[in-house]
Amino acid sequence: MEISHFLGYLPRTPSFCLNTQPLPCAYREYAEQDVFESGKLQARVCKAANGWELAFWADGKRLTRSAQRGMAHITNTTNGQTYMQESLELNGGATLYGLGERFATFVKNGQSIEMWNADGGTGSEQSYKNVPFFLTNQRYGVFVDDSSDVSFELATERTQRAQFSVKGERLRYYVIYGSTPKEILSRYTLFTGRPALPPPWSFGLWLTTSFTTSYDEDTVTHFLDGMAQHDIPLSVFHFDCFWMRVLRWCDFEWDAQTFPNPQAMLERYKARGLKICVWINPYIGQRSPMFEEGIKCGYLLRKTNGDIWQTDKWQPGMAIVDFTNPEATKWYVEKLEKLLDMGVDCFKTDFGERIPVKDVVYYDGSDPLRMHNYYTYLYNETVFTLLQRKRGENDALLFARSATAGCQQFPVHWGGDNSSSYVSMAETLRGGLSLALSGFGFWSHDISGFESTATPDLYKRWCAFGLLSSHSRLHGSSSYRVPWLFDEEACDVLRFFTKLKCRLMPYLFAKAVEAHETGVPMMRPMMLEYPDDTNCEVLDRQYMMGESLLVAPVMSENGNVKFYLPKGIWTSLLDGSTLIGEHWHTQNCGYMELPMYIRDNTLLITGTIEDKPDYDYAANAVVHIYELTDGKKIQANVHLANGVIEGTYEAMRSDNAICVKSTYPGKYEVVLHQGGSIVAQQKSHNGRCEITLGVNPKFRVNTI
């Protein structure tokens, strides 16, 4: 829908890159209304004399409407600034979600939210990732197609309305219908872009140097040796800011005093099986050799008077790369390409939020206000495209902080500067769940908090949560995050959950492929998986990892955790015990425990490899079948690293007979979980496995 006042108002750029392929749309005109129809969604425009109305209908029910005094053109009489506003009616019981990575209340009703990327940490209403899309529990979502500072008033100024406004004379928005929240997200990401598929190695444990700590090659080697000695599998090592010379960020040159032979160093680390990540940002400090080059060639953002825009906030005399200039983009990419040739595998694309809007001019004439949020799209797209070209489409990965609509195409994103407290742990999860409902399929966070240093207790609890997120990274500000600095038990906890995640990779990577293909995220708020259970609408301290695995992190010093299980029989992944759903439960957990429950009628495939996340998931797979009911057929896929299905496993129960078969020709093992016990454990033969309940011997061992 587009609302315009002055039609002579010229379109501003940049605008979001959308998949706007034309779709069939029917139009019917009646005496008192016009009806536009696309699929099951209708827009009905009332022309009756008793009042204007634009209503959206689907399946014979009204979803929302804009009635009298809904649309508006507003003028600020002080400065003459004009605005366009829309106000959509909220039905009783409507709950709103999304709008990016937001750390305040998970349900957005009652919040005033500005789309303005800011470097504000996780402890306020500010956000690194603003996405002008909200999802409702009423079978629709709304995307405002404007990259500027869209303002949302969600049941605030008018408690019965979801209002949004933009500066200028034109407002465009889309209403997206879906019979389920998953369907809405899938259609939204089809429109704005589906996430790329991260490589399997990226799902393992990441360790970093931390930020302001003192480190050199000996320090890093000591960390790597310590992780190996403690038998903690490590997949990626990340060098933060000080791999470059201080006050020269960025020049993309290794600090020769700290790392005299970086290529040889990287070769030694990669011989251990590690991937390498280095920190970058789009800013060029005045002392960087790239600064003079950027001025000479016109690659840096300029002021309206022709000067280079500069600030001292971060690096002295810092300037910003102008990615609207194709030559500047090429120049930036060439610097990074040398690092890839040296052995770097991926980049942490930090910052990108503090983009000026006053007194600046872009190479292509882009509107500075619209560029403030959109800049991160150009920045991350530039780096991700390079990685796809150099590493291949299935081996490209970022670790990005800032984002806007569409940036989900360039995974992975992490939650920014949280702090070492249980309160911050909870707000971090809220941010991740909000981002998931904004179209982002993959997400990570700094395990145990970025700011300050966690207690051993908090560190161990957060390790469990971190390893049960899509991506898992140990990173801090002024102190290291290696586990032995906390206590020896921390090593045990980190080892346990890292190895558990590796064994779960056949299932987890299948969910990653699903996120890539459908836009449905790996980490799912409870309301996304159980939209008809009203108890799930507000839950923000637990989540589903895929459709089958429920996770409730422990967020208290006493180890108590209260969680809700939806309808069904739920089996603990860790000890095999069962609980009945549609009830709240409380558990007291040791450090090797947290509520991890598998829903009934699940076929969950695990692996036997626990020292790395990237392996052949079908080879010697273990097929777990949980509480399969009579007449039910369930299945799951195992994928290759490029997302292609390697094998499909299917289980069918008829009375007491369970038949399991697979398209994969190799052997696998079936473990049948029924009634709180493992009642059968059997090898396949010629791709099949036949089990009769009550005949096979009982087992009471847990193979996960």
Side-chain angles (χ1 to χ4, degrees), residues 14 100-103 113-132 147-150 211-212 240-241 244 246-252 279-288 290-291 294-295 299-304 307-325 328-329 332 347-363 366-383 398-405 407 410 413-418 431 435 446 450-451 477:
E101 183 185 49
R102 317 214 75 85
F103 305 105
I113 297 174
E114 304 292 327
M115 295 291 102
W116 191 258
N117 283 3
D119 179 3
T122 65
S124 75
E125 79 283 357
Q126 295 183 354
S127 173
Y128 303 101
K129 306 171 187 69
N130 286 272
V131 179
S147 64
S148 69
D149 55 337
V150 185
F211 173 31
T212 60
D240 217 55
C241 314
M244 289 181 275
V246 67
L247 301 181
R248 302 197 183 196
W249 304 335
C250 290
D251 63 4
F252 304 121
W279 175 92
I280 63 171
N281 69 38
Y283 309 145
I284 308 298
Q286 189 167 267
R287 291 186 62 187
S288 168
M290 291 177 61
F291 184 82
I295 292 179
Y299 297 157
L300 305 178
L301 182 63
R302 291 188 177 275
K303 298 171 71 173
T304 52
D307 293 344
I308 300 298
W309 184 92
Q310 290 181 264
T311 183
D312 288 329
K313 293 181 179 179
W314 179 238
Q315 295 291 287
M318 180 190 85
I320 297 176
V321 177
D322 184 353
F323 287 111
T324 71
N325 182 344
T329 300
Y332 190 85
F347 296 105
K348 172 184 171 180
T349 48
D350 206 353
F351 290 81
E353 305 94 358
R354 295 179 181 178
I355 306 303
V357 297
K358 295 182 179 179
D359 195 31
V360 293
V361 58
Y362 282 89
Y363 173 86
S366 286
D367 178 0
L369 182 63
R370 290 174 174 267
M371 275 298 297
H372 175 80
N373 288 342
Y374 194 76
Y375 183 91
T376 182
Y377 184 94
L378 298 180
Y379 166 39
N380 284 292
E381 179 189 41
T382 294
V383 182
L398 304 178
F399 218 86
R401 188 173 76 174
S402 58
T404 189
C407 283
F410 320 123
H413 294 81
W414 101 97
D417 297 350
N418 50 14
L435 191 66
D446 291 343
F450 175 75
E451 299 291 357
S477 179

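The chain is numbered in sequence order, starting from 1.
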Are the side chains of [X] and [Y] in touch, meaning some heavy atoms are under 4.5 Å apart?
| X | Y | answer |
| --- | --- | --- |
| Y299 | D322 | no |
| P368 | K358 | no |
| E114 | V150 | no |
| E353 | S402 | yes |
| M371 | P14 | yes |
| N281 | Y379 | yes |
| T404 | K129 | no |
| S127 | N117 | no |

Atom [atom1] in [X], atom [atom2] in [Y]: separation rounded to 0.5 Å?
| X | Y | atom1 | atom2 | answer |
| --- | --- | --- | --- | --- |
| I284 | Q310 | CD1 | CD | 11.5 Å |
| F323 | E381 | CZ | CD | 10.5 Å |
| N130 | R102 | CG | CZ | 4.5 Å |
| N418 | T122 | CG | OG1 | 5.0 Å |
| T311 | I320 | OG1 | CD1 | 8.5 Å |
| W279 | M244 | CH2 | CE | 5.0 Å |

Nearest heavy atoms of [X] and [Y], plus distance in Å:
| X | Y | answer |
| --- | --- | --- |
| F291 | G285 | CB-O, 3.5 Å |
| L301 | P356 | CD2-CG, 3.8 Å |
| V361 | K303 | CG1-O, 3.5 Å |
| A319 | L300 | CB-CD1, 3.8 Å |
| R401 | D417 | NH1-OD2, 3.7 Å |
| T324 | S366 | CG2-OG, 4.1 Å |

**Prompt:** Going by the angle between their ring planes, with limits at 30° and 60°, are F450 and F211 parallel, tilted or perpendicular?
**Reply:** parallel
**Message:** Which label fits Y332 and F252: parallel for a plane angle under 30°, tilted from 30 to 60°, or perpendicular past 60°?
**Reply:** perpendicular
**Request:** Go through K313 and R354 one step at a time and tell me if the side-chain contact (heavy atoms from CB on, under 4.5 Å) criterion holds.
**Result:** CA-CA 9 Å; K313 293 181 179 179; R354 295 179 181 178; 4.2 Å; yes
**Prompt:** For D446, which residues count as a salt bridge (Lys or Arg N to Asp or Glu O under 4.0 Å) partner, sequence neighbours excluded?
**Reply:** R473
**Item:** Given F351, Y283, W314, the one that forms ring-ring contact (aromatic ring centres under 6.0 Å, His included) with W249
**Value:** W314
**Message:** I'd like to check the ring pair (Phe, Tyr, Trp, His ring centres under 6.0 Å) partners of W116; sequence neighbours left out, ordered by chain and number.
**Reply:** H372
**Message:** Which residues pass the ring pair (Phe, Tyr, Trp, His ring centres under 6.0 Å) test with Y377, not counting sequence neighbours?
**Reply:** Y374, F410
Is a side-chain donor or acceptor of [X] paired with a backbone partner of [Y] at a separation under 3.5 angstrom?
| X | Y | result |
| --- | --- | --- |
| T382 | T329 | no |
| Y375 | G352 | no |
| T349 | N380 | no |

**Message:** Do N373 and S147 pair up side chain to side chain, a donor and an acceptor below 3.5 Å, judged on atom types alone?
**Reply:** no
**Asked** Could you walk me through whether K348 and D240 pass the salt bridge (Lys or Arg N to Asp or Glu O under 4.0 Å) check?
**Response** CA-CA 8 Å; K348 172 184 171 180; D240 217 55; 2.9 Å; yes
**Message:** One pair to check against side-chain hydrogen bond (donor to acceptor under 3.5 Å, both in side chains): T304 and D359. What are the steps and the verdict?
**Reply:** CA-CA 5 Å; T304 52; D359 195 31; 2.3 Å; yes
